[in-house]
Amino acid sequence: MSRLFRAVIMGPPGSGKGTISERIAHSFGLKHLSSGDFVRENIAAKTEAGVLAKTYIKKGLLVPDHVMTRLLLPRLEEMTKYSWVLDGFPRTLAQAESLNSACDLDVAINLNIPLETLKERLRHRWIHPLSGRVYNMCFNPPRVQGIDDITGEPLIQQEDDRPEALVARLRHYKDVAKPVADFYKGKGILYTFSDTETDRIWPNISTLLSTKIPTIQSDARYAS
Ligand code: G5P
């Protein structure tokens, strides 16, 4: 049986975690799990955790650790048979420690993108709320402005991409991310990628994963 591959991707809001995770999922056949999507599903379903999470997201704050781990860890338990890339979790050291007790990671990808680039990207981001499809009016615009390509429904700007919430999100990210990066650095699995363009970062991530994923599968072949 093949050993499973487990990666997390961390980076500030707008750093391209979702875009790169989709490419990883598509290229390497991994499941893409997004903490932001789990939160938004719970908000839409008006679960207790979702109602609570919404009050934080509206202010551009992180959802408290106990709420996030309660939302996320059961979803990971459903994924024990799959290789995955987890996008947006952990955000804090406490979350990293909870995840560490639940599973072993192979790689932690850290995106380091300049602040001005982030602000510019998020200003232009629109989403299709029901599917979570993301557009950027410059980088990947919809075919018709303001309209989802697949369903023809209107696109919206997320509450936490509005300017007041955005600045708070970016400021807070810096404070909490460093201990998480240090945690993974200590484990020898942190890989940091710095650039202003996802298309320039992606080939380096793809090369890294090409070296890691076959190694795991061939290890497992010899082990079985
Ligand atoms: P999310 O949904 O995890 P964020 O804020 O971390 O939200 P976000 O904003 O979704 O992350 P991203 O995934 O890093 O950004 O980036 P993306 O969506 O791929 O790209 C951003 C935009 O830039 C897109 O429009 C994309 O098309 C465009 N783009 C990408 N690359 C390029 C490029 O090279 N050039 C250009 N021009 N454009 C590009 O979490 C939402 C909220 O949920 C809570 C928090 O409140 C969070 O703010 N939450 C948590 N709270 C606590 N703990 C956790 N673990 C939490 N997880 C979620």
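Positions are given from 1 along the sequence. Just follow the structure's listing: the first ligand is 1, and inside any ligand the first atom is 1.
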TODO: Consider ligand 1: state whether an atom of it lies below 4.0 angstrom from any non-hydrogen atom of G11.
DONE: no

Open item on the list: Give me the nearest non-hydrogen protein atom to atom 43 (O) of ligand 1 as residue plus atom name, then the distance to 0.1 Å.
Closed with: I57 CD1, 3.5 Å

TODO: State, yes or no, whether a side-chain contact exists between M10 and Y184 at a heavy-atom distance under 4.5 Å.
DONE: yes

TODO: Using distance alone, determine whether P90 and ligand 1 share an N or O pair under 3.5 Å.
DONE: no

Open item on the list: I want to check a possible cation-pi pair here: K187 against F183, using under 6.0 Å from ring centre and within 45° of the ring axis as the test.
Closed with: yes

Open item on the list: I'd like to check F193 versus I109 (side-chain heavy atoms, cut-off strictly below 4.5 Å). Are they in contact?
Closed with: yes

TODO: Using modelled atom types only, decide if a donor and an acceptor are shared between the side chain of N42 and the backbone of F38 within a distance under 3.5 Å.
DONE: yes

TODO: Provide, to 0.1 Å, the distance between atom 16 (O) of ligand 1 and the closest protein heavy atom, together with that atom's residue and name.
DONE: G16 N, 3.1 Å

Task: Identity and distance of the protein heavy atom lying nearest atom 45 (C) of ligand 1 - done: L61 O, 3.9 Å

Task: The one among S21, P141, S35 that brings a heavy atom closest to atom 57 (N) of ligand 1 - done: S35

Open item on the list: G88 versus ligand 1: do any nitrogen or oxygen atoms come within less than 3.5 Å of each other?
Closed with: yes

TODO: State whether a side-chain donor-acceptor pair under 3.5 Å links Y191 with K212.
DONE: yes

Task: Protein residue, atom and distance nearest to atom 32 (C) of ligand 1, heavy-atom basis - done: T198 OG1, 3.4 Å

Open item on the list: For atom 51 (N) of ligand 1, tell me which residue out of V63, V67, I127 has the closest non-hydrogen atom.
Closed with: V63

Task: Carboxylate-amine/guanidinium proximity below 4.0 Å for K17 and E22 - done: no

- [ ] From atom 53 (N) of ligand 1, work out which of R125, Q95, M10 has a heavy atom at the shortest distance.
- [x] Q95

TODO: Answer side chain, backbone, both or neither: which part of D37 comes under 4.0 Å from ligand 1, heavy atoms only.
DONE: neither

Open item on the list: What verdict does the side chain to side chain contact (heavy atoms under 4.5 Å, CB included) test give for Q95 and T92, after you've listed the backbone C-alpha separation in whole Å, the side-chain angles of each residue and the deciding distance to 0.1 Å?
Closed with: CA-CA 5 Å; Q95 291 180 13; T92 64; 3.2 Å; yes

Open item on the list: Students should be able to answer this: which protein heavy-atom is nearest to atom 42 (C) of ligand 1, and at what distance?
Closed with: D160 OD2, 3.6 Å

Task: V134: numbered ligand 1 atoms lying under 4.0 Å from its heavy atoms - done: 24 (C), 25 (O)

Task: Sub-3.5 Å N/O-N/O distance, G14 and ligand 1 - done: yes

Task: Contact check, side chains of D148 and P154, non-hydrogen atoms, under 4.5 Å - done: no

Task: Residue selection (non-hydrogen contact nearest atom 37 (N) of ligand 1) among F139, W126, Y56 - done: F139

Open item on the list: Tell me if a side-chain donor or acceptor on T211 pairs with a main-chain N or O of L208 at a distance below 3.5 Å.
Closed with: yes

Open item on the list: Quick check: L122 and ligand 1, any N/O pair under 3.5 Å apart?
Closed with: no

Task: Protein contact of atom 5 (O) of ligand 1 - nearest heavy atom, named by residue and atom, plus distance - done: R169 NH2, 2.0 Å

- [ ] Work out whether the distance between some heavy atom of Y135 and some atom of ligand 1 is less than 4.0 Å.
- [x] yes

TODO: Would you mind reporting whether W202 and I20 have side-chain heavy atoms less than 4.5 Å apart?
DONE: yes

Open item on the list: For ligand 1, which is the ligand I care about here, please tell me if D87 has any N or O atom under 3.5 Å from one of the ligand's N or O atoms.
Closed with: no

Task: Check: T207/N204 side-chain N/O donor and acceptor closer than 3.5 Å - done: no

Open item on the list: Can you tell me if H124 contacts ligand 1 (heavy atom of the residue under 4.0 Å from the ligand)?
Closed with: no

Open item on the list: Judged on heavy-atom distance to atom 1 (P) of ligand 1, which of E120, R123, R91, K17 sits nearest?
Closed with: R91

Open item on the list: Using a 4.0 Å cutoff against the non-hydrogen atoms of E197, which atoms of ligand 1 qualify?
Closed with: 33 (C), 34 (O), 35 (N)

Task: Exam field: side chain S206 to backbone P203, donor-acceptor pair closer than 3.5 Å - done: no

Open item on the list: I want to check something: taking the side chain as every heavy atom from C-beta on, are L105 and V8 in contact at a cut-off of under 4.5 Å?
Closed with: yes

Task: Side-chain touch L30/I213, heavy atoms, less than 4.5 angstrom - done: yes

- [ ] List every atom of ligand 1 that sits less than 4.0 Å from any heavy atom of S15, numbering the atoms from 1 in the order shown and giving each element.
- [x] 14 (O), 16 (O)

- [ ] For ligand 1, find out whether one of its N or O atoms is nearer than 3.5 Å to an N or O atom of F89.
- [x] no

- [ ] Just do the salt bridge (Lys or Arg N to Asp or Glu O under 4.0 Å) check on D106 and R6 with the steps written out, would you?
- [x] CA-CA 5 Å; D106 298 290; R6 302 276 157 78; over 6 Å; no

Task: Nearest-contact summary for atom 28 (C) of ligand 1 - protein heavy atom, Å - done: N136 ND2, 3.8 Å

Task: Those atoms of ligand 1 less than 4.0 Å from some heavy atom in R40 - done: 2 (O), 41 (C)

TODO: Mark up the atoms of ligand 1 that fall under 4.0 Å of a heavy atom belonging to G18, in ascending order.
DONE: 12 (P), 13 (O), 19 (O)

TODO: Examine ligand 1 and decide if any of its atoms is less than 4.0 Å from a heavy atom belonging to P12.
DONE: yes

- [ ] Between T19 and ligand 1, find which residue part has any heavy-atom pair under 4.0 Å and reply side chain, backbone, both or neither.
- [x] both

Open item on the list: Less than 4.0 Å is my threshold; does some heavy atom of C138 fall inside it relative to ligand 1?
Closed with: no

Open item on the list: I'd like to know if the side chain of D149 and the backbone of R143 have a donor-acceptor N/O pair within less than 3.5 Å.
Closed with: yes

Task: Over 12 non-hydrogen atoms of neighbours within 6.0 angstrom of CG in D182 - done: yes

Task: I156: side-chain contact (heavy atoms from CB on, under 4.5 Å) partners, not counting sequence neighbours - done: I127, P129

Task: Shortest protein heavy-atom distance from atom 50 (C) of ligand 1, along with the residue and atom involved - done: M68 SD, 3.9 Å

